[in-house]
**Q** 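Sharing a structure with you now.
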2 protein chains.
Amino acid sequence: MIELNHTHDASARSWVVSANAEGSDFPIQNLPYAVFRRAGSPEPFRGGVAIGDQVLDLAALAAGSHVDGLALDAARAAALPTLNDFFALGPLAWQALRHAVFAVLHSDAPAATASDLRPCLVPQAEVEYTVPARIGDYTDFYTSIDHALNITRLMNPDGDVTPNFRWVPTAYHGRVSTIGVSGQRFRRPMGQAMAPGAKAPTYQACARLDYELELGVWIGQGNAQGEPIPLERAEEHIFGICLLNDWSARDIQFWEMAPLGPFLAKNFATTISPWIVTMEALAPYRQAWTRPANDPQPLDYLESTANRAGGALDIRLEVWLESEKARKEKTGPSRLSTTSFKHQYWSVAQMVAHHTVGGCSLNPGDLFGSGTISGPGEGEAGAIIELTRAAQTPVTLANGETRGFLEDGDAVLLRGWCEKPGHARIGFGESRGTVLPARA
Amino acid sequence: MIELNHTHDASARSWVVSANAEGSDFPIQNLPYAVFRRAGSPEPFRGGVAIGDQVLDLAALAAGSHVDGLALDAARAAALPTLNDFFALGPLAWQALRHAVFAVLHSDAPAATASDLRPCLVPQAEVEYTVPARIGDYTDFYTSIDHALNITRLMNPDGDVTPNFRWVPTAYHGRVSTIGVSGQRFRRPMGQAMAPGAKAPTYQACARLDYELELGVWIGQGNAQGEPIPLERAEEHIFGICLLNDWSARDIQFWEMAPLGPFLAKNFATTISPWIVTMEALAPYRQAWTRPANDPQPLDYLESTANRAGGALDIRLEVWLESEKARKEKTGPSRLSTTSFKHQYWSVAQMVAHHTVGGCSLNPGDLFGSGTISGPGEGEAGAIIELTRAAQTPVTLANGETRGFLEDGDAVLLRGWCEKPGHARIGFGESRGTVLPARA
């Protein structure tokens with residue numbers, strides 16, 4: 001795992017003054033990556049780094065003379081329309097570029113550097129983003145025990161998770177083709193649903209549309225088929241983390257999923273945030289990874305000292321819902337829940353080790369979803385089916401509207417950030433997706 | 001669906017004399033596509049068409065003067081290292097190239113044509129193949145009711161398939177990164193298995209390694225997210241079919257798969273045949289698609305006159321096993337089973353319509369697995385777990401060895417072909433994969 005260094009110094013400031021504002025998601029200690037261009041322009045998409053309310057254009061940076069060596073190699077790779085080549089360079093190159101960008105954006109940088117680089121900044125308000133890498137495979141995990149228990153107990157109040165849950169970092173393969181970046185708008189899916197007691201399913205618009213609050217884990221370096229990544233080295237293969245909304249059609253899901261898992265219930269859309277927060281930026285927010293004493297302890301291939309010491313990540317998360325009415329009347333979104341990723345039953349390193357233990361190869365740009373993130377408390381559930389107990393106890397929005405499941409026009413916003421005393425607050429920005437009416 | 005035309009004429013012959021041999025997989029009526037190069041050479045991979053024991057090099061064809069118009073556009077696209085651009089051109093281009101290649105390889109072609117094209121032929125014995133397209137997403141279906149019943153009845157002799165099976169063309173997302181072409185060799189996977197009655201799983205080499213006899217369906221043209229492909233137009237989106245072996249670790253599978261489906265049990269390797277037989281070549285082998293009268297009839301979006309008339313494909317299939325001993329002693333492989341794809345409960349067109357009905361987008365080069373193909377009779381099972389009732393009744397090989405599940409060194413060969421009176425026999429070639437010992 002990455003050690004704390006000068007780029008984590010909470011007192012560091014940037015000459016990009018918006019980066020120093022209280023509560024900014026993107027201070028100089030963060031420096032996350034996205035792929036962007038000026039909105040509506042014919043410019044090529046290219047990599048950028050968030051600093052305050054600006055994007056540092058990495059193509060422009062790479063064309064100048066302010067970075068060299070491995071950092072320049074990395075900037076050139078990150079200036080392409082997808083970040084796959086940058087991911088493939090590995091942790092030394094990722095760190096070299098982070099440290100070089102930190103240096104040139106720092107308030108102590110020479111005035112000439114700042115004046116040279118000002119033209120390389122593009123206001124975030126003027127850009128559009130795209131999916132930041134060519135995703136070879138997308139895997140969705142299921143690693144929140146509170147989520148698994150909430151779902152189980154909807155059907156059986158005394159139920160427990162499946163016997164494998166406490167042993168296996170459960171996962172299934174997801175759909176790459178419908179992953180979109182924040183701003184994604186998608187039609188409510190059609191599909192088969194079986195009403196309780198009915199003799200035949202009906203073909204209809206999904207009546208139980210849900211979101212799932214997740215984090216996305218971007219794979220940096222891959223591994224060869226048949227060559228597992230041991231837990232001790234797993235984090236060298238993780239580039240960073242984004243927000244991810246795994247939209248779910250619950251009525252379609254419950255009918256289709258036995259025995260091979262969800263399919264149409266999930267593959268109509270998945271929304272990710274544009275910004276990828278690096279593992280190095282997250283280093284101050286590591287916590288001990290623990291396992292309740294009465295629960296089974298991990299098998300050897302899922303056990304390491306480093307994972308015990310710092311496998312958990314305290315990433316604060318929120319889900320907000322903005323109805324069409326609230327948007328029209330400008331009354332703002334309503335917060336549905338808040339939790340932290342630190343409660344997750346399996347760590348991101350354990351996900352990598354488990355995924356590859358049987359010989360499966362990962363490639364740069366592969367994406368993992370963490371699985372729905374629900375915490376143990378009231379109001380910490382990461383899906384509306386949990387919050388409303390499948391619409392039995394609807395939630396009330398700020399403007400008095402109620403929701404059992406999502407309605408047409410609803411936008412769901414995910415937000416994430418890390419903060420603690422003595423360290424700079426760093427944020428993930430936002431993931432927003434909007435439900436359009438079903439196809440007529 | 002494609003009408004029969006002169007390229008299906010059983011009396012047609014090629015000036016490539018090996019194509020006219022009795023029992024050839026690749027007569028002039030077939031003309032399947034692969035991506036190849038001379039084995040071990042630094043040549044770029046490019047598309048080719050099988051004719052007898054030769055490959056017609058499409059890059060060489062496109063560079064010459066024997067095709068023009070849409071067929072030339074298609075040949076140029078098919079001359080690339082992946083066939084995605086060719087797939088994206090659509091059915092008119094696919095047909096134009098097939099008909100052009102048929103004309104230039106026909107025994108009635110001018111002698112000058114044949115002499116010009118002879119240098120464009122490469123012996124199949126001298127080439128190596130690769131995965132023929134950049135696969136964006138891989139979906140594995142589960143559409144053989146005999147397979148589903150065989151598996152169910154291992155655990156419950158009076159059991160039936162899950163209630164959704166007769167309504168939903170069941171599918172789940174699979175892993176792209178470990179799909180390899182015939183000749184693939186892979187390590188027996190490691191993973192977690194739970195012994196009956198045990199209190200904790202063990203981490204071990206898979207002890208119940210299996211194959212699954214499947215067909216692979218290559219998507220030609222895609223669809224936009226949110227714009228389903230209706231059943232009536234589904235076949236315009238299918239380029240062709242190959243053989244596919246969905247290797248399966250049954251002990252890992254049965255422990256991990258509740259509730260989200262198989263994961264490590266499948267993602268260590270999938271082997272496909274290099275040759276893609278086009279839907280046009282398969283046209284003579286269509287049959288009526290039927291549904292037993294006492295079974296539910298399909299919902300409207302899975303029902304069409306054309307699918308009823310010709311949705312089934314009579315593709316004969318065989319599984320052979322060659323043990324390491326048989327290979328060393330040159331006693332040859334043993335046939336384990338034989339069946340036909342015509343028994344499948346859902347057609348390939350229904351797979352496409354179902355996959356997209358909720359809004360999921362398909363892209364050129366996406367791959368579907370049919371799911372294990374088992375027929376209703378004895379010896380028609382497409383997986384060894386069915387044939388041996390999970391090793392309770394081992395099969396005996398030609399050299400006297402027995403198998404409950406696969407052993408290290410075993411090679412599994414899939415073969416497929418179509419034949420009937422009055423029509424040319426067309427074949428799929430072979431898919432071969434070999435089990436290596438687990439990683440120490």
Side-chain angles (χ1 to χ4, degrees), chain A residues 136-140 142 162-164 167-168 170-178 180 186-187 189-192 194 200-203 206 222 225-228 249 252 255-265 267-269 296 299-301 354-355 357-363 366 436 439, chain B residues 136-140 142 162-164 167-168 170-178 180 186-187 189-192 194 200-203 206 222 225-228 249 252 255-265 267-269 296 299-301 354-355 357-363 366 436 439:
Chain A
D137 279 291
Y138 162 50
T139 299
D140 196 24
Y142 180 66
T162 52
N164 54 10
W167 295 99
V168 178
T170 302
Y172 63 106
H173 301 292
R175 183 78 192 176
V176 172
S177 70
T178 51
F186 61 89
R187 291 183 193 276
M190 302 293 296
Q192 292 189 30
M194 179 69 104
T202 50
Y203 172 68
C206 168
Q225 191 169 359
E227 299 294 337
I252 295 169
W255 171 234
E256 77 176 353
M257 76 184 288
L260 297 178
F263 182 61
L264 295 188
N267 69 13
F268 56 94
L299 294 179
D300 284 351
Y301 78 93
H354 182 70
H355 202 312
V357 75
C360 185
S361 51
L362 304 180
N363 288 302
D366 283 355
L436 304 179
R439 203 159 184 277
Chain B
D137 281 289
Y138 162 50
T139 299
D140 196 25
Y142 180 66
T162 51
N164 55 11
W167 295 100
V168 178
T170 301
Y172 63 107
H173 301 291
R175 184 80 191 174
V176 172
S177 68
T178 51
F186 61 89
R187 291 182 193 275
M190 302 293 295
Q192 293 189 29
M194 179 69 106
T202 51
Y203 171 68
C206 168
Q225 191 171 357
E227 300 293 337
I252 296 170
W255 172 232
E256 76 176 354
M257 76 183 287
L260 297 178
F263 182 61
L264 294 188
N267 69 13
F268 56 92
L299 294 179
D300 284 352
Y301 78 92
H354 182 70
H355 202 311
V357 75
C360 185
S361 50
L362 304 179
N363 289 302
D366 284 353
L436 304 179
R439 204 160 182 276

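To find a chain, count down the sequence lines: A is the first, B the second, and so on, and within it residues start at 1.
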**Q** Measuring heavy-atom distances to chain B, does A/A265 have an atom under 4.5 Å in its side chain, in its backbone, in both, or in neither?
**A**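 When you check distances to chain B, no heavy atom of A/A265 falls under 4.5 Å.
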
**Q** Looking at A/P201, A/P228, A/P189, A/G261, which has the largest count of heavy-atom pairs under 4.5 Å with chain B?
**A**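 Highest number of heavy-atom pairs under 4.5 Å: A/P201.
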
**Q** So for A/A249, is it side chain, backbone, both, or neither that comes closer than 4.5 Å to the heavy atoms of chain B?
**A**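 Neither part; nothing is under 4.5 Å.
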
**Q** Determine yes or no for a side-chain-to-main-chain donor-acceptor pair under 3.5 angstrom, with A/E256 supplying the side chain and B/V168 the backbone.
**A**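 Such a contact is absent between A/E256 side chain and B/V168 backbone.
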
**Q** Counting only N and O atoms by type, is there a donor-acceptor contact under 3.5 Å from the side chain of B/D137 to the main-chain atoms of A/R175?
**A**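 Checked: no pair found.
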
**Q** Counting only non-hydrogen atoms closer than 4.5 Å, does A/I252 touch chain B with its backbone (N, CA, C, O), its side chain (CB onward), both, or neither?
**A**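 When you check distances to chain B, no heavy atom of A/I252 falls under 4.5 Å.
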
**Q** Side chain, backbone, both or neither: which part of B/R439 has a non-hydrogen atom closer than 4.5 Å to chain A?
**A**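 When you check distances to chain A, only side chain atoms of B/R439 fall under 4.5 Å.
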
**Q** Looking only at heavy atoms, what is the nearest atom pair of B/N267 and A/C360, with distance?
**A**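 Looking at all heavy atoms of both residues, the shortest contact is OD1-CB, 3.4 Å.
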
**Q** Relative to chain B, which of A/M190, A/R187, A/M194, A/Q225 shows the most heavy atom pairs under 4.5 Å?
**A**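 Between A/M190, A/R187, A/M194, A/Q225, the count favours A/Q225.
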
**Q** Using the benzene-type ring in the case of Trp, are the ring centres of A/Y172 and B/F263 under 6.0 Å apart?
**A**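 That pair fails the under 6.0 Å test.
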
**Q** For A/L264, which atoms come within 4.5 Å of any heavy atom of chain B: side chain, backbone, both, or neither?
**A**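 For A/L264, the side chain is the part near chain B, not the backbone.
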
**Q** Is it the backbone or the side chain of B/D300 that comes under 4.5 Å from a heavy atom of chain A, or both, or neither?
**A**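 Looking at B/D300, nothing touches chain A.
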
**Q** State the CG-OG1 distance between B/L299 and A/T202, to the nearest 0.5 angstrom.
**A**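 The OG1 atom of A/T202 is 8.0 Å from CG of B/L299, to the nearest 0.5 Å.
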
**Q** Using heavy-atom distances under 4.5 Å, tell me whether A/T170 contacts chain B through its side chain, its backbone, both, or neither.
**A**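 Contact with chain B is through the side chain of A/T170 alone.
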
**Q** Considering only heavy atoms and a distance below 4.5 Å, find which of A/V357, A/N164, A/L436 pairs most often with chain B.
**A**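 Option with the top pair count is A/N164.
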
**Q** Sort out for me which of A/G191, A/P296, A/G359, A/P262 touches chain B most, counting heavy-atom pairs under 4.5 Å.
**A**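 That would be A/P262.
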
**Q** Donor-acceptor check, side chain of A/Q192 to backbone of B/W167, threshold 3.5 angstrom: yes or no?
**A**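 Yes: the side chain of A/Q192 pairs with the backbone of B/W167.
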
**Q** Given a strict heavy-atom distance threshold of 4.5 Å, which part of A/D140 is in contact with chain B: side chain, backbone, both, or neither?
**A**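 The answer is neither part of A/D140.
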
**Q** I'd like to know which of A/G226, A/P163, A/C206, A/A171 tops the heavy-atom pair count under 4.5 Å against chain B.
**A**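 Maximum pair count with chain B is reached by A/A171.
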
**Q** Taking side chain as everything from C-beta outward and backbone as N, CA, C, O, which of these in A/P259 sits under 4.5 Å from a heavy atom of chain B? Side chain, backbone, both or neither.
**A**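 Backbone plus side chain of A/P259, per the 4.5 Å heavy-atom cut-off to chain B.
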
**Q** Quick one: of A/T162, A/L260, A/L362, who has the most non-hydrogen atom pairs under 4.5 Å with chain B?
**A**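 That would be A/L260.
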
**Q** Between the side chain of A/S177 and the main-chain N/O of B/S361, is any donor-acceptor distance below 3.5 Å?
**A**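 Yes.
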
**Q** Could you tell me which of B/H355, B/M257, B/H354, B/E227 has the largest number of non-hydrogen atom pairs under 4.5 Å with chain A?
**A**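 Looking at each option in turn, the highest pair count goes to B/H355.
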
**Q** Any idea which of B/F186, B/Y142, B/Y138 has the most non-hydrogen atom pairs under 4.5 angstrom with chain A?
**A**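 Answer, by heavy-atom pair count under 4.5 Å with chain A: B/Y142.
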
